[in-house]
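The shown structure was predicted, so the numbers you read here are calculated from the model rather than taken from an experiment. What's counted below: heavy atoms across the whole structure, side chains too, no hydrogens, waters or symmetry copies.
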Amino acid sequence: MINTLHIENYALIEKTDVEFDEGLNILTGETGAGKSILLGALSLALGGKVDKGAIREEGKDAYVEAVFSVTESDEEKLKALDIESYDGEVILSRRFSEKRSQAKINGESVPAPLLKKAGDVLLDIYGQKENQVLLKTVNHLGLLDAFAESALQEPKEKLAKSYAQYSALKKEYDEANTDESERLRETDFLTHEIEEIESADLKPGEDDSLEEEYRYLSHAEKIMEAAANAYRLIGEDESASEMTGQALQNLNEVASFDDKLSPLVDELSQIDSMLSDFSRELSFYIDENEYSPERFSEVTERLDLINNLKAKYGRTIDEILSALEEKEERLEKLQNFDEYLSGLKKKLSDAEKILRRDSETVSKIRKESALSLSDAVKKELLSLNFNDVNFEIRFTDLDKFSSNGTDSCEYYISMNKGEPMRPLKDVASGGELSRIMLSIKTVLAEKDATDTMIFDEIDSGISGRTAQAVAEKLCRVSSKHQVILITHLQQIAAMADRHFVVEKNNVENGTVSTIHEVTGDALIEELGRMLGGAALTDAVLSNARELKSEADEYKASLSK
């Protein structure tokens with residue numbers, strides 16, 4: 001359930017906070033007052049597309065934030081998205097300017113698509129344009145699958161896997177089933193590549209050791225020159241080692257005359273010993289590491305060979321050797337092509353049988369669920385002032401497999417007694433589509449326990465008794481779900497548990513939209529305005545009070 005919506009610097013809104021509640025939350029106001037701006041802002045908080053032109057004041061960020069309380073079921077679905085609630089709440093927000101956009105969940109930056117996934121868990125927004133969903137037959141199967149989600153989830157997962165396996169085998173079969181000349185060309189090319197890799201006799205890790213040796217050899221002359229100079233200064237005649245030995249001999253001759261010299265003699269003795277050891281080790285290093293131009297050439301050529309193979313077959317020796325195995329396997333298949341193709345054909349046939357079985361399982365569940373959905377929608381339509389309505393879902397089989405099976409379906413309806421069933425897209429008017437979509441949404445909400453439903457002018461194109469039927473339907477739906485609704489119909493507005501009025505006002509720096517809750521006399525006056533009174537006369541206000549009283553009586557009857 002959405003608790004609060006905070007908006008700053010967006011479209012006609014400077015800054016506002018709206019606190020929603022359980023039940024039926026109604027938004028009313030004159031045309032153009034900015035009612036749909038609120039839903040547009042909420043859509044942004046749920047990862048919708050940012051319209052930089054909607055920023056009210058240039059140079060300042062626009063900001064929207066929606067706070068939701070979540071059920072245990074919501075929490076499980078959100079955890080699957082790695083989203084945690086805090087004290088039973090989740091906060092979705094969006095900040096954007098002309099140059100950047102930032103999405104957050106519970107104060108932590110996230111990709112905008114994750115907001116949309118979270119929003120799909122938390123609420124269902126129905127806009128005026130969604131009527132068009134029913135006019136496109138391609139959408140009908142998706143609505144049915146949403147109704148049958150719990151029964152279809154596991155079978156559809158199996159179907160997706162079997163389709164992926166079938167598709168991979170079919171692609172391999174189609175690619176393998178080429179003409180003989182092309183197979184011969186590929187065989188020759190593979191043979192050349194395999195020989196090229198095998199002749200290199202690669203050893204895992206040898207490139208690393210060769211790189212290290214190359215670094216040494218490329219600087220070996222400089223290294224040996226420095227080592228020779230160091231040895232000359234320390235280890236030869238008149239060197240540091242010789243001078244240190246003479247100094248030690250001089251001190252030893254007089255050390256017996258002064259005890260204070262003993263520690264100095266010991267220190268110098270250690271230095272003399274260390275210099276001797278160092279001189280000897282340096283001499284060994286020079287003898288063992290003589291620079292070899294021939295070896296440098298060998299290492300360079302070997303590295304060039306390896307790097308050339310890397311450019312062709314992989315970034316590392318391990319990848320090159322892996323590519324070799326794949327090429328050997330492919331060559332073996334080509335050299336034994338008839339046997340390979342026969343085996344592949346059998347695998348493809350077996351995979352197609354599994355795919356067909358999984359498709360039939362999904363189709364069976366869909367057709368069983370279609371009967372339940374048809375009955376449920378018909379029941380809802382009868383409650384929405386369709387007196388002699390029939391509704392059914394008809395299936396056709398596609399001539400190809402897909403990850404969604406082989407089904408296509410279309411909704412058919414008859415809205416008058418004696419009329420034949422016809423495709424929904426051919427017979428329904430705008431107002432009828434609104435009621436049909438409301439029926440389907442109501443059934444789906446009961447099925448998947450959607451916590452919050454948002455409708456933007458679901459009442460489009462209806463009036464009179466039909467409007468009253470829709471009002472009563474929405475009231476019943478709101479007894480189990482939070483409903484937020486923009487409406488122009490007084491019958492629906494009278495059913496509100498909380499009623500908000502959106503107004504547009506001229507101010508010094510332009511035009512702003514504000515929103516405030518109305519109760520008591522202010523509520524009656526708003527209902528009077530919606531009744532169409534040019535002036536709020538006593539008669540208009542009396543009609544508004546009567547309308548509100550009748551709505552309250554109906555709501556009270558539902559709680560009995």
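A donor atom on one side chain and an acceptor atom on the other are not found under 3.5 Å apart for Lys417 and Asn387. Checking Tyr173 against Glu175 by side-chain atom types alone, no donor-acceptor pair falls below 3.5 Å. No side-chain donor from either of Gln153 and Glu149 sits under 3.5 Å from a side-chain acceptor of the other. Thr28 and His499 are linked by a side-chain donor-acceptor pair at a separation below 3.5 angstrom, with hydrogens and angles left out of the test. Donor-acceptor pairing under 3.5 Å is recorded for the side chains of Asn385 and Thr466. A donor atom on one side chain and an acceptor atom on the other are not found under 3.5 Å apart for Glu89 and Ser69.
Between Thr361 and Pro155 the shortest heavy-atom distance is CG2-CB, 4.4 Å. In terms of heavy atoms, Val502 sits closest to Ser513 at CG1-CB, 4.5 Å. Shortest non-hydrogen contact noted between Leu44 and Arg94 is O-NH1, 2.9 Å. Minimum interatomic distance between Ala494 and Leu527 (heavy atoms only, all atoms of both residues): N-CD2, 3.9 Å. Thr442 approaches Leu438 most closely through the heavy-atom pair OG1-O, 2.7 Å. When all heavy atoms of Cys475 and Ser478 are compared, the pair lying nearest together is O-OG, 2.8 Å.
Counting non-hydrogen atoms of neighbouring residues, nucleotides and ligands closer than 6.0 angstrom, the CD atom of Glu392 exceeds 12 such neighbours. Crowding of Glu19 atom CD: a count of heavy atoms from other residues, nucleotides or ligands under 6.0 Å not exceeding 12. Surrounding NZ of Lys333 are more than 12 heavy atoms belonging to other residues, nucleotides or ligands, all under 6.0 Å away. Within 6.0 Å of CD in Glu517 there are more than 12 heavy atoms belonging to other residues, nucleotides or ligands.
Counting heavy atoms from C-beta on, the side chains of Val443 and Leu373 come closer than 4.5 Å. In this structure, Leu474 and Met495 have side chains that are not in contact, with every pair of non-hydrogen atoms separated by 4.5 Å or more. Contact check for Asp145 versus Asn404: side-chain heavy atoms found under the 4.5 Å cut-off. Using a 4.5 Å heavy-atom threshold, the side chains of His488 and Lys35 count as touching. Annotation: side chain of Glu182 is not in contact with side chain of Glu186 (no heavy-atom distance under 4.5 Å). No side-chain heavy atom of Leu141 sits under 4.5 Å from any side-chain heavy atom of Ser408. Contact annotation: the side chain of Lys367 approaches that of Phe395 to within less than 4.5 Å [non-hydrogen atoms, C-beta and beyond]. Taking 4.5 Å as the limit, every side-chain heavy atom of Gln165 sits out of range of all side-chain heavy atoms of Lys161.
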Exercise. Might you work through the salt bridge (Lys or Arg N to Asp or Glu O under 4.0 Å) test for Lys79 and Glu76, ending with a clear yes or no?
Key: CA-CA 5 Å; Lys79 282 181 180 178; Glu76 290 181 6; over 6 Å; no

Practice problem: With side chain to side chain contact (heavy atoms under 4.5 Å, CB included) as the test, would you mind laying out the steps for Gln482 and Met453 before giving the verdict? | Solution: CA-CA 6 Å; Gln482 181 191 47; Met453 303 173 68; over 6 Å; no

Practice problem: Decide side chain to side chain contact (heavy atoms under 4.5 Å, CB included) for Ser403 and Leu159; before the verdict, give the C-alpha distance in whole Å, the side-chain angles of both, and the deciding distance to 0.1 Å. | Solution: CA-CA 6 Å; Ser403 60; Leu159 172 60; 6.0 Å; no

Quiz item: What's the verdict on side chain to side chain contact (heavy atoms under 4.5 Å, CB included) for Phe500 and Phe20, showing C-alpha distance, side-chain angles and the deciding distance?
Solution: CA-CA 10 Å; Phe500 301 90; Phe20 298 105; 4.1 Å; yes

Quiz item: Does the pair Ile7 and Lys15 meet the rule for a side chain to side chain contact (heavy atoms under 4.5 Å, CB included), with working shown?
Solution: CA-CA 6 Å; Ile7 308 171; Lys15 185 176 181 179; over 6 Å; no

Practice problem: Please assess Glu75 against Ser85 for the test side chain to side chain donor-acceptor pair (under 3.5 Å), listing each intermediate value before the final yes or no. | Solution: CA-CA 7 Å; Glu75 287 188 337; Ser85 65; 2.6 Å; yes

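Residue Ile393 holds its CD1 atom at 9.0 Å from NE2 of His140, rounded to the nearest 0.5 Å. Distance CG/Leu27 to OG1/Thr487: 10.0 Å, rounded to 0.5 Å. Note that the NZ atom of Lys156 and the OH atom of Tyr163 stand 14.0 Å from one another [nearest 0.5 Å]. Distance check, rounded to the nearest 0.5 Å: NZ of Lys345 to CG of Asp350 gives 12.5 Å. Interatomic distance, Asp407 CG to Arg366 CZ, rounded to the nearest 0.5 Å: 5.0 Å. Note that CG of Leu114 is 11.5 Å distant from CG of Leu46, once rounded to the nearest 0.5 Å.
In this structure, Asn9 contributes its side chain and Lys60 its backbone to a donor-acceptor pair below 3.5 Å. Checked by atom type and distance alone, the side chain of Asn106 pairs as donor or acceptor with a backbone atom of Ile91 at under 3.5 Å. Judged by distance alone, with hydrogens and angles left aside, the side-chain atoms of Asn25 form a donor-acceptor pair with the main-chain N or O of Asp21 at under 3.5 Å. Between the side chain of Ser43 and the main chain of Leu39, no donor-acceptor pair closer than 3.5 Å is present. Using modelled atom types, no side-chain atom of Ser363 and backbone atom of Ser359 make a donor-acceptor pair closer than 3.5 Å. The closest donor-acceptor contact from the side chain of Asp74 to the backbone of Thr71 lies under 3.5 Å.
Between Lys52 and Glu58, none of the side-chain N atoms (NZ, or NE/NH1/NH2) sits under 4.0 Å from a carboxylate O, so this pair counts as no salt bridge. By the 4.0 Å N-to-carboxylate-O rule, Glu8 lies too far from Arg56 to be salt-bridged with it. A salt bridge is absent between Lys379 and Asp375: the closest approach of a Lys/Arg side-chain nitrogen to an acidic carboxylate oxygen does not fall below 4.0 angstrom. Between Asp497 and Lys555, at least one side-chain N (NZ, or NE/NH1/NH2) sits under 4.0 Å from a carboxylate O, which counts as a salt bridge. Taking 4.0 Å as the cut-off between side-chain N and carboxylate O, Arg100 and Asp61 count as a salt-bridged pair. A salt bridge does not link Arg356 with Glu360: none of the charged nitrogens is closer than 4.0 Å to a carboxylate oxygen. Between Lys327 and Glu329 no salt bridge is recorded (no basic side-chain N to carboxylate O distance below 4.0 Å). Electrostatic pairing of Lys504 and Glu30 does not count as a salt bridge here, judged by no charged N lying under 4.0 Å from a carboxylate O.
Partner of Ile26 under the side-chain contact (heavy atoms from CB on, under 4.5 Å) criterion, out of Val518, Ile492, Ile484: Ile492 alone. With Ser349 as the fixed residue, the side-chain contact (heavy atoms from CB on, under 4.5 Å) test singles out one of Lys346, Lys347, Lys353, Glu352: Lys353.
Checked against the 6.0 Å centroid threshold, Phe391 and Tyr412 do not count as a close aromatic pair.
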